[in-house]
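Computed from a predicted model, the values in this text were never measured in an experiment. Basis for what follows: all heavy atoms, side chains included, without hydrogens, waters or symmetry-related copies. Residue numbering restarts at 1 for every chain, and letters A, B, ... go by the order of the sequence lines.
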Number of protein chains: 2
Amino acid sequence: MEIRTLKTFVAVANLKGFSAAARQLNMVQPAVSRQISELEEELGVSLFWRSTREVRITAAGETLLREATEILAQEERARLLVQRTGTGELGRLRIGFLGSAVQAFLPALVREFSARFPQIQVSLLEMTAGELAEALMAGRLDVSLSRPLPPAMADRFESWDIYSDRLVAFLPDGHALASEPCLPVSALSSHPFVLFQRDGAPDLFDQVVSVCNAAGFSPDILAQPNSMQAVLIAVGSGLGVTLAPACIAQLNTSGCVERPLSDQTVPIPLQLHVRADRAEAATQAFAALVKEELGTIRKIMGAGG
Amino acid sequence: MEIRTLKTFVAVANLKGFSAAARQLNMVQPAVSRQISELEEELGVSLFWRSTREVRITAAGETLLREATEILAQEERARLLVQRTGTGELGRLRIGFLGSAVQAFLPALVREFSARFPQIQVSLLEMTAGELAEALMAGRLDVSLSRPLPPAMADRFESWDIYSDRLVAFLPDGHALASEPCLPVSALSSHPFVLFQRDGAPDLFDQVVSVCNAAGFSPDILAQPNSMQAVLIAVGSGLGVTLAPACIAQLNTSGCVERPLSDQTVPIPLQLHVRADRAEAATQAFAALVKEELGTIRKIMGAGG
DNA sequence: GATAATTATACAGTATCTGTATAAGTGGTG
DNA sequence: CACCACTTATACAGATACTGTATAATTATC
């Protein structure tokens, strides 16, 4: 039972004739006759009672007519859906991101994307940097907005810098150093640190440690919460100080004060990651939109971020 | 897009490999590759991202996988339904009949048929003889239980006698002739007749007229109701007498008395009509059941009819 | 770096399917 | 009653398409 066959069958049934069907299908009557008789043989039933003067469909034929009509409609529907998915009109887009880093611009971006591609179902998945890398690698994400990927992964993905953040210090409200408008890293040497847990963002963790080392001390890390918000709460509670990307000021910083560092400018880029080959149309469209909006995003992040 | 192609596509998608699919389908890997790449070309989309080490389905491919799976399931379903319809396991049976003539045995017959073929949907359609002939000819009925067909139609159908009825007289309750247990036709010569309308049963009408003519008179027909029940009501109301098949005593005869005729024995057969060729399996099964039950039916109709 | 496994391509052979020609059957018509 | 117009079925040749073999190219893995 092939779709080509079903099409000629439906034509014969609807036009009540082999010759008429052949004309409509731009073929020749014997070809139609053969297709139908082979279909009958395959199914083991008569589909039409034919004389030279009339072609009457059998009960089995009527059953097949109903089914075949549905199958053909579904084939047409499938073709449409597949093509739309191929062009990116239809589909899904799974965006993974670092919450605090994108909070200022992602909502507007997604809104714009959804307006342009209303048929695409967008999933927003907040994760840590480590989770993002793993999900991206496993194909559970289409794009990721996160920090630079580990070198082992980098060649499988295309990455674009979106904006660069920098490390700043967060201190408890009434902290001794809070009176300074600006601090050298070394000023923190004797204070206990709270750092985001290393598993969640190994690069950031190591970067902070190496900044401290460069300033001549090794940080005394007394806690490693599993979220940036928890880090800020710990700082706000007076448990310690932290060094973190400035963007986390987007979170609730009550009890904390933020102080820029006077002596380091290690950039912390936020990047867009997309599978190097094999990017779906919807994914490519989103990447294109991000690139289109880079100026706007950088303006936002330079001013308020 | 052919079903054969969809089958190999689904195999590739499920087994995540062209070679594996080829093994499962008992074909060879290049054939699979060609089918897929031609399918991609036809649809204008990539269905898989392939390397020599992995085959990953695209978004469009996932869409097609869903659709193709449904299409294949429906094809399988169609094959099953069509074959069952062909063997008579599944289908419908439209039975046309003369109400009064079959009332005594058709219900039991249909009940038995439905018990043997529970998947067949039986339609019971009461009609006049004229309507039955027309519906049978037009293919709106599968079988008909009615009087002999007009000669022009007879060769297109197979007919079996089920039982033979005879004409009897129906008189109003207090009619002068009602005292006789048995009447010659001629006794009715001076009485007005009520006859079932000729359009509904031309043969019966003509038969009654010719019986009267043979008895030496032409009936004075004062009314031609459109149902046998209406004829009986007219007779019961004292409007006239009628000659009709004995079986109509099955209807409500209040106000009427039935009297056999002493001088005529024209048989009025009830027949089963089935399209000569081109009979569906369900129809043939019903005809076979009727023939099997002929003895029982005749016993019923001889005794109580 | 060799191996084993994968997919893509080229080419030849086979199947299959189409189209032409023709036969056989049937209702309508003069 | 023969003829006509039209139908479907069959036979056969040709063209198309598809399959399978051989081979290349690529890439994890040992």
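The number of heavy-atom neighbours closer than 6.0 Å to CD of A:Glu38, taken from other residues, nucleotides and ligands shown, is above 12. More than 12 heavy-atom neighbours from other residues, nucleotides or ligands sit within 6.0 angstrom of CZ on A:Arg56.
A salt bridge links B:Glu40 with B:Arg50: the distance from a Lys NZ or Arg NE/NH1/NH2 to an Asp or Glu carboxylate oxygen falls below 4.0 Å. Taking 4.0 Å as the cut-off between side-chain N and carboxylate O, B:Arg116 and B:Glu292 count as a salt-bridged pair. Here A:Glu67 pairs with B:Arg77 in a salt bridge; the nearest charged N to carboxylate O distance falls below 4.0 Å. Between A:Arg275 and A:Glu280 there is no salt bridge, since no side-chain N of the basic residue sits under 4.0 Å from a carboxylate O of the acidic one. With respect to the salt-bridge test (charged N to carboxylate O, under 4.0 angstrom), the residues B:Arg198 and B:Asp206 qualify. A salt bridge does not link B:Arg66 with B:Glu70: every distance from a Lys NZ or Arg NE/NH1/NH2 to an Asp or Glu carboxylate oxygen is 4.0 Å or more.
Within residues 133-141 of chain A, no residue has any heavy atom closer than 4.0 Å to DNA chain C. Within residues 45-63 of chain A, the residues approached by DNA chain C to less than 4.0 Å at the level of any non-hydrogen atom are A:Thr52, A:Arg53, in residue-number order. Within residues 7-18 of chain B, the residues having any heavy atom under 4.0 Å from DNA chain C are, by residue number, B:Gly17, B:Phe18.
One can place CD of B:Gln29 at 17 Å from P of D:dC18, the figure rounded to the nearest angstrom. In this structure, A:Met27 places its CE atom 6 Å from P of C:dT18, rounding to the nearest Å. Here the P atom of nucleotide D:dC18 and the CD atom of B:Glu41 are 12 Å apart, to the nearest Å. The distance between atom CD of A:Glu2 and atom P of D:dC18, rounded to the nearest whole Å, is 11 Å. Rounding to whole angstrom units, CZ of residue B:Arg34 and C1' of D:dT19 are separated by 10 Å.
Among the nucleotides D:dA11, D:dG20, C:dT6, the one closest to the side chain of B:Ser19 is C:dT6.
A close approach under 4.0 Å does occur between a side-chain nitrogen or oxygen of B:Gln35 and OP1 or OP2 of D:dT19. For the OP1/OP2 pair of C:dT9 and a distance below 4.0 Å, the side-chain nitrogens and oxygens of B:Ser33 include no atom meeting the criterion. Put simply, A:Ser37 has no side-chain N or O that comes within less than 4.0 Å of OP1 or OP2 on D:dA9. For D:dA17, neither phosphate oxygen OP1 nor OP2 lies less than 4.0 angstrom from any side-chain nitrogen or oxygen of A:Arg4.
Using a 4.5 Å cut-off on side-chain heavy atoms (C-beta onward), A:Pro30 and A:Gln35 make no contact.
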Run the side chain to side chain contact (heavy atoms under 4.5 Å, CB included) test on B:Leu145 and B:Gln271 for me, step by step, so that the C-alpha distance in whole Å, both residues' side-chain angles and the decisive distance to 0.1 Å come before the verdict. CA-CA 6 Å; B:Leu145 292 163; B:Gln271 295 182 328; over 6 Å; no

In sequence, state the C-alpha distance, the side-chain angles, and the governing distance for B:Ile268 and B:Arg147, and then conclude on side chain to side chain contact (heavy atoms under 4.5 Å, CB included). CA-CA 7 Å; B:Ile268 304 183; B:Arg147 304 303 175 194; 3.6 Å; yes

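Residue B:Ala20 is the one, among A:Val32 and B:Ala20, whose nearest nucleotide of DNA chain C lies closer to the 5' end (criterion: closest heavy atom).
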